[in-house]
Amino acid sequence: MLQQTTVTTVIPYFHRFIADFPTVQALAQASLDDVLAAWSGLGYYARARNLHAAAQWIAGPGRGEFPRTASTWATLPGVGPSTAAAIVAFAFDVRAPILDANVRRVLSRYHGLTGRDAATLRRLWAYAEHHTPGTDVATYTQAIMDLGALVCRRTPDCHSCPLAGDCAHDGQTITQPKPARPERHAVFAIIEDAEGAALLVRRPPHGVWGGLWSLPECASLDELPATLRVLGVEGGAVAGLPPVRHLFTHFALSITPVRLRAVTIRTTVGETRDMMWYKRGVQHRPGMPAPVRRLLDQLTKTEAS
DNA sequence: AATACGGGGCC
DNA sequence: GGCCCAGTATT
C-alpha cells in the first residue's frame, strides 16, 4: 500500500484491509473482487492484484512460509528491490539496502546529486549499499526513512538535521520541467433500473482501473446511443449531470455523467460476469474507481436531502 | 530508457 | 493548483 502512497492516506485502508484479511491464508482465499473492493479509492490497483497473487503463492507453493531473503521476495509479483529489501530489513534484520523516496531524497542531498536519470539512480543505490550497516539494519533503515520523512522533506528542515555540516545540499530546490498533461474526455452513463440499481461493468484486468467495476463509458455523447444499444438498454428518462474532472499522473480526464432512469434492458445481466446491477446504499460496495464512487455517492446524498 | 499506473494530502 | 508520495511492471 505504501508504494507511491503517503502514510496518512494508507492508514485507514490498512486497518480495514487487515480486518478483512487478517492472515495470508485469508487473503489468498479471498476473491479478487473482494480485495479490489477493499482497495477501492487507493489507486494503483495492480498493487492489489499483485498482493493477492503473492499471497496465493505464499499460501500455496510457499507452504505458508514467508521468504527469508530479499531475492526470493523480489520474485513475488509487486515486490521490487526496495520493497523486498525493506521487508527483510524490518522483519528479519537482514542487511539489505533500500532506496525509497525518503532515502533517495536524503542521499541525493547528502551527496549533492540532483539528477533523476538512470545513472544517478544507480549511484544512489551504490550509496545506499555503502551506508547500510552490518548490524542493527532495521533500526538504521527506519532511521534514514524517518530522517527523510520528518527532516529532509521536500522543503528540508536543515537546522534540526543531524547530518547538517556533512551534507552537500546547498539549500537550493531543483524544479523539474513539468510534462504537459493531455486532456481526455469520456461520457459515463449512470443507467438505473426501476429500483434505482445502477449498471456497472467490469473493466479489463489490465490498464487504467484494471479489474474494477465502473460505469458504462463512451468517448462522446454522439456514441451514447450505440453504447446503450450494445448493452441492450432501452428507454428511460435522460438527465445531464455537472461534469467531473479527474486527474491521473499523465493525463486529465473530463467526465460527462449522463443519467438514465428506469430503463429496461434486453440482456440478462446475470448471464455475464462482467456486468452487474449495483443497488446503492444496500449492497456492499464493489471495487470502483474513486470518481465513480464519488458520482454514485453524490446521487445518494442528493436523494437523501 | 521510457512509460503506464491513482489518488489524496500538503504547502 | 502544483508537487510528490515507504515503486513496480511493461515495452
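Predicted model only: the values in this text are computed from it and were never measured.
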Fill in the blank from the handout: Atom CG of A:Leu124 and atom P of C:dG7 are separated, to the nearest Å, by 14 Å
Practice task
Could you tell me whether A:His131 and A:His111 have their ring centroids closer than 6.0 angstrom?
Solution key: yes
Problem - A:Phe251 six-ring centre to A:Arg184 NZ/CZ under 6.0 Å and within 45° of normal - result: yes
Completion exercise
Heavy-atom nearest nucleotide on DNA chain C taken for A:Ala74 and for A:Ile98; more 5' hit belongs to A:Ile98
Handout entry: DNA chain C: 5'-proximal contact among A:Arg105 and A:Trp125 (nearest heavy atom)
Key = A:Arg105
Practice task
Pick the P atom in B:dG8 and in C:dT8, then give their distance to the nearest Å.
Solution key: 22 Å
Handout entry: Footprint string (nucleotides 1-11 of chain B, 5' to 3'): B base within contact, S backbone only, - free, heavy atoms under 4.0 Å
Key = S--SBBBSS--
Completion exercise
Separation of C:dG7 atom P from A:Leu2 atom CG, nearest Å, is 8 Å
Exercise for the section: Classify the nucleic acid contact of A:Ala86 as base, sugar-phosphate or nothing, counting any heavy atom under 4.0 Å across all strands shown. Expected result: nothing
Exercise for the section: Using a heavy-atom cut-off of under 4.0 Å over every strand shown, decide if A:Val79 touches base, sugar-phosphate, or nothing. Expected result: sugar-phosphate
Exercise for the section: Kindly say whether the aromatic ring centers of A:His246 and A:Phe248 come within a distance under 6.0 Å. Expected result: yes
Problem - Spacing of A:Asn50 atom CG relative to C:dG7 atom C1', expressed in whole Å - result: 11 Å
Exercise for the section: Report yes if the distance between the aromatic ring centroids of A:Trp39 and A:Tyr44 is under 6.0 Å, otherwise no. Expected result: no
Exercise for the section: Flag the pair A:Asp33 and A:Arg202 as a salt bridge only when some basic side-chain nitrogen lies within less than 4.0 angstrom of an acidic carboxylate oxygen. Expected result: yes
Exercise for the section: Mind running side chain to side chain donor-acceptor pair (under 3.5 Å) on A:Ser160 and A:Asp157 for me, showing each step along the way? Expected result: CA-CA 6 Å; A:Ser160 58; A:Asp157 183 14; 2.7 Å; yes
